[in-house]
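I have placed the structure first, in the form of structure tokens, so that the comments after it can refer back to it.
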Amino acid sequence: MTQLHFKRHRRLRSSATMRSMVKETYLHKEDLIYPIFVMEGENIKNPVSSMPGVFQFSLDRLDEEIDEVVELGIPAVILFGIPAEKDDVGTGAFHDHGIVQEATRQIKARHPELLVIADTCLCEFTDHGHCGVVEGETILNDPSLDVLARTAVSQAKAGADIIAPSNMMDGFVIAIRTALDEAGFHDVPIMSYAVKYASSYYGPFREAADGAPQFGDRKTYQMDPSNRLEAIREAQSDIDEGADFLIVKPALSYLDVVRDVRNNFPVPIVAYNVSGEYAMIKAAAGNGWIDEKSVVLETLLGMKRAGADLILTYHAKDVARWLEEK
């Protein structure tokens, strides 16, 4: 055996203290963004059946959730709205007293230090469930930009700290940036869903947000899961148009894309740990097949290691508690 020459990598794994000293990637509470579903009505805290631990809240029940988020040290939430009424252009998305706008005002009045990110899309507000203006069964790109820009301005007026357009229309970032600047919101950043795939992992979200398309699918505007190089083109366009953050969605099956985007663009990268990813872990943990805490932490750490600076995740509250325990 004395003739063998090899490297002893295990020397740096010999104890918990040693492993901690040489750890390369960290997960912090400051990395987390927590999604919240708000809906019109009273005394509503509806559980989302496919997403254990996730609820839809009416405004009169929202404070209890926000207070917990702040107490846990989570720095940001992203709001998804569910209106009482829908129409073909998504009027509720840009109404000054729409559900997202009212929720934003309420949160900022109670916790001004909490960052409020407004999801800027139309699918929850349109009766057809698509992310833009529809003619027949065609989703129209350019007419959708006007509605999205108007929505972004109304959200900024309500106090949103960050605008997060998720519709994947061509030109949506420049349309929103121009509208925000013209309205005087030069300092409100855009967190663009720059790389959003037409994924099967979104199923539980559509229950939570009541935003499933009523015809067809979203493959004409969301990306083909087969494509990797296209992600760089999409992200480059959004950077050129004024995006301040880039989101890759979903995260778990697209870690290669997270790394590609990280390597190519010197802006904060956000991984969206989507509803289907959350639901699968919850289901497996509920059946006793996995240890939920260790699997969640490993999964999110993988997203950080792939290059994400921030993680948008339904696990955020649990993760904040677990990190506090360490």
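The model shown is predicted, which means the values in this text are computed figures rather than measured ones.
One distance of note links CD1 of I176 with CE of M169; it measures 11.0 Å at 0.5 Å rounding. Interatomic distance, L32 CG to L300 CG, rounded to the nearest 0.5 Å: 7.5 Å. The CD1 atom of I44 sits 7.5 Å away from atom CG of D60, with the distance rounded to the nearest 0.5 Å.
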key: Steps toward salt bridge (charged side-chain N to carboxylate O under 4.0 Å, His left out) verdict (E64, K45)   = CA-CA 10 Å; E64 60 192 80; K45 185 180 179 181; 3.7 Å; yes
message = Test side-chain hydrogen bond (donor to acceptor under 3.5 Å, both in side chains) on Y34 and T313; report intermediate values, then the result.
response = CA-CA 6 Å; Y34 186 54; T313 178; over 6 Å; no
inquiry  = D181 vs R177, test: salt bridge (charged side-chain N to carboxylate O under 4.0 Å, His left out). Steps then yes/no.
reply    = CA-CA 6 Å; D181 289 351; R177 183 72 271 160; 3.1 Å; yes
Evaluation steps, salt bridge (charged side-chain N to carboxylate O under 4.0 Å, His left out), between K304 and D309 = CA-CA 6 Å; K304 287 292 300 288; D309 300 289; over 6 Å; no
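Within 6.0 Å of atom CZ in R61, more than 12 heavy atoms from other residues, nucleotides or ligands are found, so the atom counts as buried in its surroundings. By the neighbour-count criterion of 12 heavy atoms within 6.0 Å, atom CD of E230 is densely surrounded, having more than that number from other residues, nucleotides or ligands. For E85, the CD atom sits in a loose shell: 12 or fewer heavy atoms of surrounding residues, nucleotides or ligands are nearer than 6.0 Å. By the neighbour-count criterion of 12 heavy atoms within 6.0 Å, atom CG of D224 is densely surrounded, having more than that number from other residues, nucleotides or ligands.
Using bins of under 30°, 30° to 60° and over 60° for the plane-to-plane angle, the ring pair Y26/H28 lands in the parallel bin. Using cut-offs of 30° and 60° for the angle between ring planes, the Y272 and F80 rings count as tilted.
Of the listed residues (E324, E71, E325), just one forms a salt bridge (Lys or Arg N to Asp or Glu O under 4.0 Å) with K29, and that residue is E324. Among the candidates D238, D244, I174, the single residue satisfying the side chain to side chain contact (heavy atoms under 4.5 Å, CB included) test with I190 is D244.
Proximity of the aromatic rings of Y197 and Y254 is defined here by a centroid distance below 6.0 angstrom, and this criterion is met.
For the pair S199 (side chain) and Y202 (backbone), a donor-acceptor distance under 3.5 Å is absent. With T151 contributing its side chain and V147 its backbone, the two residues share a donor-acceptor pair below 3.5 Å. With hydrogens and angles ignored, the 3.5 Å screen pairs a side-chain donor or acceptor of R259 with a backbone N or O of R305. Proximity of a side-chain donor or acceptor of E40 to a complementary backbone N or O of A84 within less than 3.5 Å is detected. With N264 contributing its side chain and D260 its backbone, the two residues share a donor-acceptor pair below 3.5 Å. Using modelled atom types, no side-chain atom of R233 and backbone atom of Q236 make a donor-acceptor pair closer than 3.5 Å.
Between the side chains of S154 and D96, no donor N or O sits under 3.5 Å from an acceptor N or O. Side-chain contact of T120 with Q155: a donor-acceptor pair under 3.5 Å is present, judged by distance alone. With 3.5 Å as the limit, one finds no donor-acceptor pair spanning the side chains of Y193 and N167.
Taking a cutoff of 4.0 Å between a charged side-chain nitrogen and a carboxylate oxygen, K108 and D161 qualify as a salt bridge. Using a 4.0 Å cut-off between charged side-chain N and carboxylate O, E65 and K317 make a salt bridge.
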